[in-house]
Protein chains: 2
Amino acid sequence: MREFKRKSRVLLIDDNADHLRGVKELVTLESSYDVVGATTSANIGINLAKKYRPDIILMDINMPEKDGLQAIQEIEKLDMDIKVIALSGYDDSDLIFRAMKLGAKGYILKTMASAQLIYAMDEVASGKVYLPTALTSRFFEYFQSSFKEDANKSAEENLLSYLTAREEEVLDLLTQGNNYKGIAGKLFISETTVKTHVNNIFQKLQVNDRTQAVLYALNNGFANRRHHRAAV
Amino acid sequence: MREFKRKSRVLLIDDNADHLRGVKELVTLESSYDVVGATTSANIGINLAKKYRPDIILMDINMPEKDGLQAIQEIEKLDMDIKVIALSGYDDSDLIFRAMKLGAKGYILKTMASAQLIYAMDEVASGKVYLPTALTSRFFEYFQSSFKEDANKSAEENLLSYLTAREEEVLDLLTQGNNYKGIAGKLFISETTVKTHVNNIFQKLQVNDRTQAVLYALNNGFANRRHHRAAV
DNA sequence: TTTGTCTTACATCTTTAGATTGAGATATCC
DNA sequence: GGATATCTCAATCTAAAGATGTAAGACAAA
């Protein structure tokens, strides 16, 4: 089965020449991967990526010359469907979070067994995202803590909870940049009625104008309270 | 080893009585878990949680009466260190994302093997976050796509890049809810000058009023561009 | 039935916001 | 030196937003 599959083209970027050599040997031994480039420079790596269009990049993100995270971002911007796997010596949750946020498809510790690196590459090559279990936990630790403030605000202190259903609808339209006329048209009510609702919203949210109301809504999880939306 | 460990107390919430019974039997068979409660009502479940302080809650999030996600949020608000594992029939990435965002420590599909449920409980009981590999991929799919717009927008299409330094300062103050007078006072310039800047901002961002300008700024990574901030 | 909340609506008035035009002072680039 | 861009300020005008008070109909709960 695997023989019929096209080999995945891999580019290696690691400022540590020794480690770079080691990984290169390791990957070269795998029949399903071709190493199309290996460099100790992030900048050169980005250029090689443009030139050779690899399927996967193994990127050390702890480099002095150029921040590896920045390199990931630049590669993602190319929009060439290159899957970046971050290599790092640290299991720092902030680093993991930022790498994944920038679009990395995997994050592997240098101390991990080489078999795990290959496994990660297999997973990523097949279109999945791969994080070792331990790092997934780390990631969520950070991810959830960054939302905790929002979620933990009790109903009493979240002024949004005082809004009526209709007021929420109006506020929702406000957070989409509508003026009175636009809201009136969308809700099929008169403009003066909208003014009434908006004024009530101001009172309840303790703000002075629509911009502040919108900001309050966005900063206090209004999107979650209502239907869907990206909300990140 | 496992004998010496205190049993984990588990609360089950699932509006489907049959499934609830099945899970209860399954968990009861495990020597390391005690089922301290089982109910088909989310509201009753929340009260049971307050009363019995379980270590883990298995929560069905597809319930008609009360939204399971909302229930998770309420339990998290209790701040009682209860680990919630979401049970769902769907591997919808939006659902997974929202559940994890609200603080769920795991997400299991009802169709998954019972062994996997127990494994997830073991992991979560030991303080980890557990997501089956397939769902982790789903999660990151959603997670990364929600950041893609921000990161991938090239400078040319991001209208924010056309703003001058001063205009960015003004916009920054706009995104804090200031009116003309407030901005003028903070920048030590006249109100009319602020009006000029604001009007130029409107032109460049192609919007009609300050609320739309603020929304454009927030939706296009303006915070990142300036001083960082949580940004999640 | 009464009480209360919500939704709708209008009038009136004051204050901001926004559009437009013009212009002087600096700094930079070529 | 001249073109260009930025930052500053002003006057003027129109449109929109916001504050305040009043009130009627619907509906649910007490």
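Computed over heavy atoms, backbone and side chain alike; hydrogens, waters and symmetry mates excluded. Proteins get letters first, then strands, A, B, ... in listed order; numbering begins at 1 in each.
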Just so I know, are the side chains of B:Val129 and B:Val124 near enough to count as touching, which here means a heavy-atom distance under 4.5 Å?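 B:Val129 vs B:Val124: side chains apart.
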
Would you say B:Val35 and B:Val23 make side-chain contact, with heavy atoms under 4.5 Å? no

If I take atom [atom1] in residue [X] and atom [atom2] in nucleotide [N], what distance separates them, rounded to the nearest angstrom?
X	N	atom1	atom2	value
A:Glu168	C:dC6	CD	C1'	14 Å
A:Arg166	D:dC27	CZ	C1'	16 Å
B:Phe202	C:dT16	CZ	C1'	12 Å
A:Ile201	D:dA19	CD1	C1'	15 Å
B:Leu174	C:dT16	CG	C1'	13 Å
B:Glu167	D:dA5	CD	C1'	11 Å

Report the C-alpha distance between A:Thr211 and B:Leu174 in whole Å, list the side-chain angles of each, state the deciding distance to 0.1 Å, and finish with yes or no for side chain to side chain contact (heavy atoms under 4.5 Å, CB included). CA-CA 8 Å; A:Thr211 307; B:Leu174 277 181; over 6 Å; no

Set of residues satisfying side-chain contact (heavy atoms from CB on, under 4.5 Å) with respect to [X], sequence neighbours excluded:
X	result
A:Ser190	A:Thr192, A:Thr193
A:Asn178	A:Leu173, A:Gln176, A:Ile183, A:Lys186
B:Arg9	B:Arg6, B:Val36, B:Tyr52, B:Asp55
B:Ser88	B:Ile61, B:Asn62, B:Tyr90, B:Leu95, B:Tyr107

With sequence neighbours left out, write down each residue that passes salt bridge (charged side-chain N to carboxylate O under 4.0 Å, His left out) with [X], or none if nothing qualifies.
X	answer
B:Arg21	B:Asp18
A:Asp81	none
A:Asp92	none

Sort and list the pairs that fulfil salt bridge (charged side-chain N to carboxylate O under 4.0 Å, His left out) and have at least one residue in residues 197-216 of chain A, not counting sequence neighbours.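 Pairs touching residues 197-216 of chain A that pass the test: A:Glu167-A:Lys204.
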
Pick base, sugar-phosphate or nothing for B:Thr164, based on heavy-atom distances below 4.0 Å to the nucleic acid. sugar-phosphate

Residues within residues 178-191 of chain A bordering DNA chain C, heavy-atom distance below 4.0 Å: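 Those residues whose heavy atoms fall under 4.0 Å from DNA chain C, taken from residues 178-191 of chain A in numerical order, are A:Ile189, A:Ser190.
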
Flag the pair B:Arg166 and B:Glu169 as a salt bridge only when some basic side-chain nitrogen lies within less than 4.0 angstrom of an acidic carboxylate oxygen. yes

Five-pair end axes of the helix from C:dT1-D:dA30 to C:dC30-D:dG1, angle between them (10°):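 It works out to 50° between the end axes.
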
Kindly say if A:His197 contacts the phosphate of C:dT8, meaning a side-chain N or O under 4.0 Å from OP1 or OP2.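 Looking at the OP1 and OP2 atoms of C:dT8, one of them is under 4.0 Å from a side-chain N or O of A:His197.
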
Should B:Thr193 be listed as having a side-chain N or O under 4.0 Å from OP1 or OP2 of D:dT8?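 For D:dT8, OP1/OP2 do not have a side-chain N/O of B:Thr193 under 4.0 Å.
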
Where along residues 205-214 of chain A does a heavy atom fall under 4.0 Å from DNA chain D? A:Asn208, A:Asp209, A:Arg210

Ring-plane angle category for B:Phe143 and A:Phe139, please: parallel below 30°, perpendicular beyond 60°, tilted otherwise. perpendicular

Scanning both residues in full, the closest heavy-atom pair of B:Ser93 with B:Glu141 reads OG-OE1, 4.4 Å

With respect to the side chain of A:Thr192, which nucleotide from C:dT7, C:dC10, D:dG18 is positioned closest?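 Comparing C:dT7, C:dC10, D:dG18 against the side chain of A:Thr192, the answer is C:dC10.
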
Nucleotide by nucleotide, nucleotides 20-30 of chain C touches protein heavy atoms under 4.0 Å in the pattern (B base, S sugar-phosphate only, - none) -----------

